[in-house]
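What follows is a short report on a single structure.
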Amino acid sequence: MPPADALAPERTGGGGSDPVLEVRGVTVHFGGVSALTDVTLSVDRGSVTGLIGPNGAGKTTLFNVISGLQVPNSGVVVFEGRDLARVRPHRRARLGIARTFQRLELFGSLTAEDNVRVGLESSIRWWQWHRLRASFPWARDEAGDGARATGSRVVGLADRLLAGVGLAGHESEQSSAMPTGSARMVELARALAMQPKLVLLDEPGSGLDEHESEALGSLLQRLAADGMAVLLVEHDMELVMRVCDRVHVLDFGHIIASGTPDEVRADPRVQKAYLGASAGSAPAAGGDV
Amino acid sequence: MPPHDLLPDGNRRGRRWAKLASLIVLITLLAVVPPAMNSYDQYLITLTLVYAITTLGLNVLIGWTGQLSLAHAGVFGLGAYLSTILIQHGWGFVPSLLVAGLGSAIVGGLVVFPALRFSGFTLAVASLAFASVIVQLFDNGGSVTGGGGGLAVPVFQFSGLSQTMSTYYVTLISTVLCFVVAHRMRHLRFGRVAFSIRDTEIAAVVSGIRVVRYKVFVFAFAAFLGAIGGALYAQLETFIFPVMFSTNTLVLMLVMLFLGGASSLYGPIFGAIFAVVMVELLQSFGSYQDLLYGLLLMLVIGVLPGGMASLPERLRTSHLLGRAVRGVASRFGRGRQDEATAASPVPPTATGSSLVDDPGDGVESGVA
């Protein structure tokens, strides 16, 4: 593990940009296959960063490395100036890295509201007195205003978060019974409930109709405007090109291009990776790639 | 505004009080009626409660948190042996009960170590091995455990009550306490976290949950409940052998768990009632007893895959039984509906369907 001060110069030398997350030289092998090779990228505070690439390019593997589910063979992940090598996944979540999954990982037996509550409550210590007091009905029903406020504040927050992703009125639906589009939004609300500084979204747009994906786009831009950093893996090129400030393109585990959406779109290597030999139109053509 | 807020607050509170009142009536009946029963029925009802506590532990482990750990019969035995040995050394029954519970929580909590590395069948096998080690200790414990010959249990007795009734009252109080604690746990954060670990552990981790800590607690708590059940069981049977805690007992526990309804809070009670009552009823069939028991088991599981606790839900949604119930309900509903639609602006479908539904759902569909 490199010492902390070795990481410092690069961080301060950013020249105006304010990276929340830096991934440096990350390499991951699965047996003989290398899923990621020397991947370096950074995500700035208050920006939406896109990560695109064909299926199997290693996008989800990179997400797993950042959230701590996959240990890289080499390379470092730095979050707010702190090397995360020894930080376990649930600690990373509490430090402010939230994520969603490409294959939905909802708490299916819980309602939408309770899914979000799990995210909200993960930072409350269970031995805290007011939480404990909420476990006793008589304390809650009587003058136990503190306990009551805590309980209903969590519910109120959860409902507000659900309303924020367009699911007002669906709080008490069981999440496993929800259509994919709504389920993805529950997952997003659960991630946002942790008040993350960085949120990793793995194809949040799949399963959404045109209208919903437009709403998602403006939600992401609003989050970024509030200072959150968003790293977005998405196949819907229209969405990526519209909301991202920067885009990184991953192909067979290598970053082959980085830049603004327009720069990336114009890059011949990107066109080759996406469209094979018949490079003509840009990936902005959209749809599933 | 969330639709469930549209339900009049008084109505919801009223339902809660109705529930609480019926529970108090039930518990009062359980306290008052058994002294009038014959001692065999007293034994059976105590056994049912003992099974309910024990299976509740297994339910928290398997049903809520999804940890397929099969050490429960061993832990059940540990509670029985520990409390018996403590009583033999002059301890009072209640302290020995608690210490046996806590001691077993520590030992049973050790199963969490394989559980942190494995899940599913691998955990099942590892925990089964753990249980058989415990039972081997009973078998080879020399004079401490009495070996294969077992131990006579010094039976505790309140003055003025029979032995069975003394055990019964301690069991009843323990059952109420255990279920109250479990009820609070289920409906508060612990329940949500347990279910989220069961549903998808990986999402629980990235939601900031210390899965390891929760698992340690769940294994210890399950072992505590199992051991309390075991200690009470020893009092009830007055003599314990290692064979009483073999895999057969585990199978019985699993039957009670899944028959009653894994993941439901009260499932273990239904499962325990079924197990005890069926064995008694089928005794008159002599050698066909086991065969009938097996067939009945398959029938119940076939009709109610979610266990007996899912019966009300099943009635609402099933094709055969439910259609009959819904038919009757909607006939009554339609009669009232005509009067209702004349006066109120509520769409007719809302009142018609809500009769058989949970009131909460009915209100919701009325809004949509």
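Just so we're on the same page: letters track the sequence lines, and every chain starts at 1.
- Comment: A:R45 engages A:E80 in a salt bridge, judged by a side-chain N to carboxylate O separation of less than 4.0 angstrom.
- Residue A:L110 touches chain B through both its backbone and its side chain, counting heavy-atom pairs closer than 4.5 Å.
- Neither the backbone nor the side chain of A:R92 comes within contact range of chain B; no heavy atom of the residue lies under 4.5 Å from a heavy atom of that chain.
- Classification of the B:Y214-B:F190 ring pair by plane angle, with boundaries at 30° and 60°, yields tilted.
- Taking the six-membered ring where tryptophan is involved, the planes of B:F221 and B:F217 are essentially parallel, since the angle between them stays under 30° and well short of 60°.
- A salt bridge is defined here as a Lys NZ or Arg NE, NH1 or NH2 lying under 4.0 Å from an Asp or Glu carboxylate O, and A:R184 with A:E212 fails to meet this definition.
- In terms of non-hydrogen atom pairs under 4.5 Å with chain B, the most contact-rich of A:L162, A:N115, A:L106 is A:L106.
- Cation-pi contact between A:R99 and A:F101: present, with separation from the ring centre below 6.0 Å and deviation from the ring axis of at most 45°.
- Residue B:V211 does not touch chain A at all, counting heavy-atom pairs closer than 4.5 Å.
- For chain A, the option among B:V180, B:V212, B:V205 with the highest count of heavy-atom pairs below 4.5 Å is B:V205.
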